[in-house]
Novice: 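Have a look at this one before I ask anything.
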Amino acid sequence: MIHEDRVKKLNKKEIRNGRYVLYWMQASHRTEYNQALEYAISKANKMNRPVVVYFGITEFFPEANERHYYFMLEGLREVKSSLKEKGIPMVVRHKSPELGAIELSKDASLVIVDGEYLRKQKRWRSYVAQTIDCPLVQVESDVVVPVEAASPKEEYSAATFRPKIKKKIGTYLLPMKENRPKVDSLEHDFDSFNIEDPERVVSSLEIDKSVRRVEDFHGGATEAKKRLEDFLKNKLDYYEEYRNDPTKEFLSNMSPYLHFGQISPIYIALKVLETDSPGKDAYLEELIVRRELSVNFVFYNQNYDSFDGLPNWAKKTLKEHAKDPRKYIYTIKELENAETHDPYWNAAQIEMRTKGKMHGYMRMYWGKKIIEWTKTPGEAFKIALYLNNKYELDGRDPNGFTGVAWCFGKHDRPWKERQIFGKIRYMNANGLKRKFDADLYAEKARLIN
DNA sequence: ATCGGCTCGCGCAA
DNA sequence: TGCGCGAAGCCGAT
């Protein structure tokens with residue numbers, strides 16, 4: 001059973017007697033622990049209809065480049081084959097996602113879509129909801145606690161959000177029974193875009209190819225689970241101690257997989273709870289409280305991707321210091337090319353550019369320094385978000401928008417006023433050195449550059 | 001090494 | 001209305 005709080009009717013149209021139940025896959029690129037897929041299967045079984053899964057690949061997805069497409073396609077290839085094992089066809093169309101959903105809805109009894117919280121995806125959903133002639137039902141499948149159940153409003157900080165979501169976790173963090181569709185529909189013949197070979201697909205698409213795919217991360221549910229097993233076995237015990245040390249490898253590295261929905265946060269959390277590791281609580285804090293606080297931010301704050309979305313005290317103090325003299329001013333190109341005077345900052349930028357994932361601790365330092373080394377905080381915000389979305393495999397994620405905003409005071413508190421930063425929390429290289437061997441980190445980056 | 005101050009707003013207790 | 005407290009802070013005093 002899928003909890004009713006995950007389910008939201010996006011229009012008021014009636015279920016009709018169509019040929020199949022359509023699942024428009026958008027956020028959750030997986031077949032395991034996918035509540036939207038399960039919901040579609042259970043609806044279809046009740047109506048004695050087959051399930052059809054649809055995915056639309058557009059070349060115009062904002063800020064997506066070869067790095068993201070390749071990782072996504074590796075994951076989608078796996079989705080297609082595991083759906084096939086369940087007797088479910090996956091139809092891929094090479095067009096804007098909402099247009100294919102509308103076309104395929106014409107023969108559907110109803111359409112299910114998974115949950116997403118960003119502007120563009122919300123617009124696609126509402127356009128489809130009003131255009132099609134059957135229900136569009138959203139099932140939130142990439143959070144432990146559905147966003148509106150966790151809190152009815154934008155939260156001020158982790159401290160205000162934590163007690164609210166903690167009370168709800170038990171209600172939603174449950175093992176899920178997976179059902180097979182009763183009606184096999186593989187014989188249905190759909191015109192589908194071939195995604196067997198990610199390399200070929202990427203070269204055939206007219207996308208931004210200036211950011212190459214990475215060697216360090218490969219997409220797909222199998223790869224995600226392999227990494228999770230390694231984390232639980234070898235790293236979780238030391239997570240609390242070493243997670244803020246970027247010279248070590250003690251993070252779960254789940255964020256790219258979570259971003260594309262290739263693994264479920266519920267699946268991860270249940271696996272973590274099966275252990276008796278001392279790192280459990282610290283990790284679940286990140287996976288659930290912090291991650292879903294970021295969903296709360298993008299869901300309730302329409303300006304999640306700009307300076308305007310910051311709390312008033314932060315905007316005020318940053319504006320008051322916008323004209324303070326800067327010792328260093330770098331252009332976006334110099335930052336992008338890791339050409340600053342600061343070897344630690346450069347190392348972080350190189351790590352992101354080369355690996356597709358910057359260490360979590362360095363993301364804070366990295367963002368703070370962009371404020372310090374650009375002309376205005378408004379420009380700094382744009383540059384930080386641009387670089388984050390371009391190079392991180394988990395770019396464009398609620399976590400990314402929230403992480404950048406945090407550097408500018410979101411979910412944080414004021415500190416002693418100083419030049420440029422005002423009352424925003426300041427960070428400097430001494431802090432890095434206090435916590436880990438920063439020169440080793442810089443040296444490692446030099447080797448991969 | 002450790003500690004208090006910095007500073008705003010939330011939310012609970014009263 | 002008062003008060004405690006907060007993602008990773010820094011900084012100066014002891």
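Per chain, numbering begins at 1; letters A, B, ... match sequence-line order.
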Novice: Can you tell if the side chain of A:Y328 reaches within under 4.5 Å of the side chain of A:D342, non-hydrogen atoms only?
Specialist: no

Novice: Contacts to DNA chain C from residues 285-306 of chain A, heavy-atom cutoff under 4.0 Å, which residues?
Specialist: A:E286, A:R290

Novice: I'd like the P distance from C:dT1 over to B:dT7, given in whole Å.
Specialist: 24 Å

Novice: Can you see which heavy atom on A:R363 is nearest to which on A:K357, and at what distance?
Specialist: NH2-CG, 3.6 Å

Novice: Within a strict 4.5 Å, meaning less than it, do heavy atoms of the A:Y33 and A:P175 side chains meet?
Specialist: yes

Novice: Do A:M362 and A:L432 come close enough that some side-chain heavy atom pair is under 4.5 Å?
Specialist: yes

Novice: Are A:N428 and A:K369 close enough that some pair of their side-chain heavy atoms sits under 4.5 Å apart?
Specialist: yes

Novice: Could you note down all residue pairs passing ring pair (Phe, Tyr, Trp, His ring centres under 6.0 Å) where residues 282-303 of chain A supplies at least one of them, sequence neighbours left out?
Specialist: A:F231-A:Y283, A:Y239-A:Y283, A:F297-A:H411

Novice: If you measure from the P atom in C:dG9 to the same atom in B:dG9, how many Å do you get, rounded?
Specialist: 23 Å

Novice: For A:A380 and A:I371, work out which heavy atoms get closest and say how close.
Specialist: CB-CA, 3.8 Å

Novice: So among A:E336, A:E63, A:E66, which one has a salt bridge (Lys or Arg N to Asp or Glu O under 4.0 Å) with A:K390?
Specialist: A:E336

Novice: Charged N to carboxylate O under 4.0 angstrom, A:R125 versus A:D114?
Specialist: yes

Novice: Can you pull the contact range of chain A along DNA chain C, 5' to 3', using atoms under 4.0 angstrom from its heavy atoms?
Specialist: C:dG6 to C:dC11

Novice: Taking only Watson-Crick and G-U wobble pairs with both distances under 3.5 Å, what dot-bracket line describes DNA chain C, where [ ] shows pairs that cross earlier ones and | shows pairs with another strand?
Specialist: ||||||..||||||

Novice: Going by the rule ring pair (Phe, Tyr, Trp, His ring centres under 6.0 Å), which residues pair with A:Y344 if we only count those two or more places apart in sequence or in a different chain?
Specialist: none

Novice: Looking at residues at least two apart in the chain, or sitting in another chain, which of them share a ring pair (Phe, Tyr, Trp, His ring centres under 6.0 Å) with A:Y391?
Specialist: none

Novice: A:Y238: what forms a ring pair (Phe, Tyr, Trp, His ring centres under 6.0 Å) with it, not counting sequence neighbours?
Specialist: A:F250

Novice: Does the structure place the NZ or CZ of A:K368 under 6.0 Å from the centre of the six-membered ring of A:W406, at an angle of no more than 45° from the ring's axis?
Specialist: yes

Novice: Taking the side chain as every heavy atom from C-beta outward, state whether A:F61 and A:R396 have any atom pair closer than 4.5 Å.
Specialist: yes

Novice: Would you mind building the protein contact string for nucleotides 4-14 of chain B? One character per nucleotide, 5' to 3', B for base within reach (heavy atoms under 4.0 Å), S for sugar-phosphate only, - for untouched.
Specialist: --BBBSSS---

Novice: So, do A:K375 and A:R326 sit near enough that their side-chain heavy atoms are less than 4.5 Å apart?
Specialist: no

Novice: Roughly how many Å apart are B:dA14 and C:dC5, using the P atom of each and rounding to a whole number?
Specialist: 14 Å

Novice: A:H29 versus A:E78: any side-chain heavy-atom pair under 4.5 Å?
Specialist: no

Novice: Please list residues of residues 352-369 of chain A whose heavy atoms come under 4.0 Å from any atom in DNA chain C, ordered by number; otherwise none.
Specialist: A:M364

Novice: For C:dA7 versus B:dC12, give the span between their C1' atoms, rounded off to a whole number of Å.
Specialist: 22 Å

Novice: Looking at residues at least two apart in the chain, or sitting in another chain, which of them share a side chain to side chain contact (heavy atoms under 4.5 Å, CB included) with A:N399?
Specialist: A:R291, A:S294, A:D397

Novice: Once ring pair (Phe, Tyr, Trp, His ring centres under 6.0 Å) is applied, do any residues pair with A:Y304, and if so which ones, sequence neighbours excluded?
Specialist: A:F401

Novice: Near DNA chain C, counting only heavy atoms under 4.0 Å, which residues of residues 425-437 of chain A show up?
Specialist: A:R425, A:Y426, A:N428, A:G431, A:R434, A:K435

